[in-house]
Amino acid sequence: MSCRCLDEIEKRIKRMEKLEYRPGDKFSTIATVEPNLQTVHAEKFVQISENNIVLEGIIFDRDGMMYCTSTSGHGIFKINPDTKEVTKIVDCPGVRPAALKIHKNGKLYAACVSNETMGGVFTVDPDGSNLEWIIRGYSVDDICFDDKGGFYFTHFVGSYRDQQPYGGVYYVNPEHTKLTPFATNMCQPNGVALSTDGSIMWITEFQAQKLHRFVLETNRACVPYTFTGWQGPDSCEIDGDDNLYVACAWQGRFMVFNFYGSPIGQILIPGRENGHNLLTTHSMIRPGTQDVYMTVMDSAKEDNEGSWIYRAGAFAGYNENQYQFRK
């Protein structure tokens, strides 16, 4: 080949456009429409563990104390938000608490994912004593009280691979004597939340990447949003303006939707663009503030930061209509 031909090839290569990685492309990208969402970056609040254990289930009691769970740490932690003192109040080997809600009598209700022998719901006092199982035989990922004191829970099972969408959402009456199916044929339903007036139910379907919106009075339902990326939508919570905060697991971020299911904002966890702090699972707004607190685990192989609670500013304050604050 002549020198002239080689020169022409070299010039063509030099001017040819090529694809280049942008920040985050190797770990967790954000879909085309979503970078235009209003975006804030969270900050570290308190470290729960130097090890990378999965954190979930943030909740605040009437005294302002914070709690969270750990599925891989097999327990429940209590945190003083003012002193940042962390205490493990429940240590239950083999059991995987995934979410917490509080009854207005002060009892903690813990949702536990797992198999039929270890999954279910147990109650426990705020100091970790008097643990009592009230539901067994379900892989319970999240629970949500209604205004009567009954609660809905997600049965975190089902698989597209096996063509078995047998997960669902169930209702337990206030006396804990009756269990009724609410929604079935789902693949790993994860988070569940009710609107401030209790008329709308939100469900995140983890493996199907769907956000479901149910109008309870009319039984109408729709899927206002379908997620992208690995893995899927995790837990969800409501703020005082009926915005829904959804954790995007293994994406290092939380998305926020308005009352009708349209995305209006997102919260990014620092380090996500370099593969750190990707396991984001649950959020909750602290009563009396507009601060949203979020559970985060770092699974990076190098320079691992462990498991933290982060915080950022929310659109609105706490949902004061939650059952635990009812008179």
Exercise. Taking the six-membered ring of Tyr225, is the NZ or CZ of Arg213 close enough (under 6.0 Å from the centre) and on axis enough (within 45°)?
Worked result: no
Exercise. Under a 4.5 Å cut-off applied to non-hydrogen side-chain atoms, are Ile285 and Glu237 in contact?
Worked result: no
Exercise. Roughly how far, to the nearest 0.5 Å, is the CE atom of Met65 from the NZ atom of Lys78?
Worked result: 7.0 Å
Exercise. CD of Gln47: more than 12 outside heavy atoms within 6.0 angstrom?
Worked result: yes
Seminar exercise, completed: Rounded to the nearest 0.5 angstrom, the CG-CD distance for Leu37 and Gln266 is 5.0 Å
For this session: Check whether any side-chain heavy atom of Asp241 sits under 4.5 Å from a side-chain heavy atom of Phe315, and report yes or no.
Result: no
Scan the side chains in residues 150-158 for donor-acceptor partners under 3.5 Å anywhere in the protein, sequence neighbours excluded, and list what turns up.
residue : atom : partner : partner atom : Å
Thr154  : OG1  : Asp142  : N            : 3.1
Thr154  : OG1  : Asn190  : O            : 2.7
His155  : ND1  : Ser139  : N            : 3.1

For this session: Would you indicate whether Glu175, at its atom CD, is surrounded by more than 12 heavy atoms from other residues, nucleotides or ligands within a distance under 6.0 Å?
Result: yes
Exercise. Should Val169 and Ile238 be regarded as members of a common hydrophobic cluster, given that ILVMFWY residues are connected when their side-chain heavy atoms come within less than 4.5 Å of each other, either directly or indirectly?
Worked result: no
Seminar exercise, completed: Taken to the nearest 0.5 Å, the spacing of Tyr293 OH from Ile58 CD1 works out to 9.5 Å
Problem set entry | Pair Thr281, Thr295: side-chain N/O donor-acceptor within cut-off below 3.5 Å | yes
Exercise. Regarding Thr196 and Asp242, is there a side-chain donor-to-acceptor distance under 3.5 Å anywhere?
Worked result: yes
Problem set entry | Interatomic spacing from CG in Leu55 to CE in Met297 - rounded to 0.5 Å | 8.5 Å
For this session: For Phe325, check ring pair (Phe, Tyr, Trp, His ring centres under 6.0 Å) against everything at least two apart and list the hits.
Result: Tyr318
Problem set entry | Among Asp239, Asp291, Asp82, salt bridge (Lys or Arg N to Asp or Glu O under 4.0 Å) partner for Arg286 | Asp82
For this session: Taking the side chain as every heavy atom from C-beta outward, state whether Leu216 and Phe182 have any atom pair closer than 4.5 Å.
Result: yes
Exercise. For the residue pair Tyr170 and Pro181, what are the closest heavy atoms and their distance?
Worked result: CD2-CA, 3.6 Å
Exercise. Any side-chain heavy atom of Lys84 within less than 4.5 Å of one from Phe45?
Worked result: yes
For this session: Taking the side chain as every heavy atom from C-beta outward, state whether Leu131 and Thr123 have any pair of such atoms under 4.5 Å apart.
Result: no
Exercise. Looking only at heavy atoms, which two atoms of Ala98 and Val113 are closest? And how far apart?
Worked result: CB-CG1, 4.1 Å
For this session: In sequence, state the C-alpha distance, the side-chain angles, and the governing distance for Phe227 and Gln251, and then conclude on side-chain contact (heavy atoms from CB on, under 4.5 Å).
Result: CA-CA 11 Å; Phe227 296 82; Gln251 294 189 24; 5.7 Å; no
Seminar exercise, completed: Heavy-atom nearest pair, Met294 first then Ile267, reads SD-CG2, 3.8 Å
Exercise. Can you name the side chain to side chain donor-acceptor pair (under 3.5 Å) partners of Glu56, sequence neighbours left out?
Worked result: none
For this session: With the side chain counted from C-beta on, respond yes when Asn130 and Lys107 share a heavy-atom pair under 4.5 Å apart, and no when they do not.
Result: yes
Problem set entry | Arg326 and Phe145, any side-chain heavy atoms less than 4.5 Å apart | no
For this session: Using a 4.5 Å cut-off on heavy atoms from C-beta on, say whether the side chain of Val192 contacts that of Met201.
Result: yes
For this session: Starting at NE2 of His74, measure out to CG of Asp91 and round the result to the nearest 0.5 Å.
Result: 9.0 Å
For this session: Look at the side-chain heavy atoms of Ile, Leu, Val, Met, Phe, Trp and Tyr, link any pair under 4.5 Å apart, and say whether Phe60 and Phe254 land in one connected group.
Result: yes
Problem set entry | Residue pair Asp146 / Leu194: nearest heavy atoms and the distance that separates them | CA-CD1, 3.9 Å
Exercise. Between the side chains of Asn274 and His276, does any donor sit under 3.5 Å from an acceptor?
Worked result: no
Exercise. What are the two closest heavy atoms between Ala300 and Asp298, and how far apart are they?
Worked result: N-OD1, 3.0 Å
For this session: Provide the closest heavy-atom pair for Tyr310 versus Asn277 in the form atom of the first, atom of the second, distance.
Result: OH-ND2, 3.4 Å
Problem set entry | Nearest-0.5 Å distance that lies between atom OH in Tyr109 and atom CD1 in Ile59 | 13.5 Å
